[in-house]
Number of protein chains: 2
Amino acid sequence: MEKKLRTKDKILQASVELFNQVGERQVTTNHIAAHLGISPGNLYYHFRNKEDIVRQIFKEYAKLLETRIKPPTDKAEALDALASYLDAVFELMWRFHFFYANLPDILSRDPALQQDYQHVQQGVLARVTAVLKALKQSEIIQIEDEDITDLAHSIKLLVTFWISYLKTQAPDKDIDQASVYQGVLKVLLLFKPYATAQAQPRISRLQQHYAALAGDATLV
Amino acid sequence: MEKKLRTKDKILQASVELFNQVGERQVTTNHIAAHLGISPGNLYYHFRNKEDIVRQIFKEYAKLLETRIKPPTDKAEALDALASYLDAVFELMWRFHFFYANLPDILSRDPALQQDYQHVQQGVLARVTAVLKALKQSEIIQIEDEDITDLAHSIKLLVTFWISYLKTQAPDKDIDQASVYQGVLKVLLLFKPYATAQAQPRISRLQQHYAALAGDATLV
DNA sequence: GTCTATACCGTGATAGAC
DNA sequence: GTCTATCACGGTATAGAC
């Protein structure tokens, strides 16, 4: 199956790889072509320019986001919805972490991508809000309605810039799965002060689950 | 007084101006020189390269940070210490917002700056932690000791990337003072769930204070 | 200290042969 | 579809005159 990738797909796949490894900004179309052993001209046959490549990668990302993060269906288990949400966040953050490492820069160079991004983000905000409301309804957290949107934004900001934060704190250390899980853990900690007494143990268990995956790495 | 600026200082001052206006990445040494009506060669007489300029600007920033954010002296008024801290954060965020708009990118291009930054950040973390402990001691917030460091990191992350977050949400809107104050307000909201019942009204007042400064702008 | 002129290089992108 | 040229451009940086 892998052998049957068309050049176009190989370019996309190699791009994600290189972007994640050394950062989107540092990777040029020449690098991508060289990495694949094809000519720059060939790359330009398949894509108009580098932005075009990034945009298509984002499309793939957005598609995954949509399929993986479903709105909570039944009110039965809000905490399960949260967990599945966190898993999805982790997966996407890891798979496309180059994107998270320099988001403002990437967006500022491509108005079209900006549009797409903002559209996706509106959906994300709605879903986060929905999860929060479900958690409140299930009496897992106790929060005033007017604070929900703010908390949702805080969560979104934390998720969006967790990788960037890591890079500012320890630029030499490569991003690995454990460090991404640390971000998931931090999100959980934003909830903690809102947790009801009865939900405390369940949240603690979730916390331990992700703590195990995050390893014992400590921030500098 | 202004007229007596030496060329070197004029370059620094113009650089900050341009960086804030259009972003550090887009501004070249040529732009800076042209903006001042001097030759590129002249600029290179005063600075080795652009990184050198950015580094010196950071030094100025770090100096201000140190003089403006003093560790809380007496335990008498922890909440005052917090307020003065928030004011200082605002001032620096506003004055050097180009720096906050693309931190990972700027740092990744200059290992020397990275070093300086990390050193400064260690001090910041210590001070935030000290303020949090003082707030706990004054019974303004209620928090477990083991959570303090995590909260400090969350606050630091929020402050560091607030401008970046704004830019991802609404890239076309220019950063103004009100939008920076919205970030200050968000920091305050991170505290809210930890506030003791007795401190609630005082925190609310602080909140209103910054809300007024932040205007009624709403996030997209 | 300041200028002009210039060399150098990487990047993005295209034309035209195969 | 793919390759081999090849270019224009902009940014960095330096040399040498004033």
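Throughout, protein chains are lettered first and strands after them, A, B, ... in sequence-line order, and every chain is numbered starting at 1.
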- Summary of protein contacts for nucleotides 12-18 of chain D, nucleotide by nucleotide, where a base hit scores B, a sugar-phosphate-only hit scores S (4.0 Å, heavy atoms): BBB----
Roughly how many Å is it from [atom1] in [X] to [atom2] in [N], rounded to a whole number?
X	N	atom1	atom2	answer
B:Asp9	C:dG1	CG	P	11 Å
A:Leu43	C:dT14	CG	P	12 Å
B:Gln26	D:dG10	CD	P	15 Å
A:Asp52	C:dT14	CG	P	12 Å
A:His31	C:dC9	NE2	C1'	13 Å
B:Leu5	C:dG1	CG	P	14 Å
B:Glu51	D:dG11	CD	P	16 Å

- Answer with yes or no whether the side chains of B:Ser39 and B:Asn42 bring together a donor and an acceptor at under 3.5 Å. no
- Side chains of A:Thr29 and A:Tyr44: is there a donor and an acceptor less than 3.5 Å apart? yes
Is a salt bridge present between [X] and [Y], judged by a nitrogen-to-oxygen distance below 4.0 Å?
X	Y	value
A:Glu91	A:Arg68	yes
A:Glu60	A:Arg55	no
A:Lys186	B:Asp150	yes

- Message: Tell me whether B:His46 contacts the main-chain N or O of B:Ile11 through its side chain, where contact means a donor paired with an acceptor under 3.5 Å.
- Response: no
- Message: What residues from residues 106-117 of chain A pass a heavy-atom cutoff of under 4.0 Å to DNA chain D?
- Response: none
- Item | Residue pairs, two or more places apart or on separate chains, that pass side-chain hydrogen bond (donor to acceptor under 3.5 Å, both in side chains) and touch residues 78-90 of chain A | A:Asp87-A:Tyr210
- Message: I want to check one thing: is the phosphate of C:dG1, taken as OP1 and OP2, less than 4.0 Å away from some side-chain N or O of B:Asn42?
- Response: no
- Could you tell me whether the phosphate oxygens of C:dT2, OP1 or OP2, come under 4.0 Å of any side-chain nitrogen or oxygen in B:His46? yes
- Message: Is the terminal nitrogen or CZ of A:Lys156 (NZ for Lys, CZ for Arg) located under 6.0 angstrom from the six-membered ring centre of B:Tyr165 and within 45° of that ring's axis?
- Response: no
- Task: Quick one: do B:Glu17 and B:Gln13 satisfy side chain to side chain donor-acceptor pair (under 3.5 Å)? Show the steps, please.
- Result: CA-CA 6 Å; B:Glu17 215 171 279; B:Gln13 182 256 338; 2.8 Å; yes
- Could you please name the option among D:dT4, D:dG1, C:dT4 that lies closest to any side-chain atom of B:Ser39? C:dT4
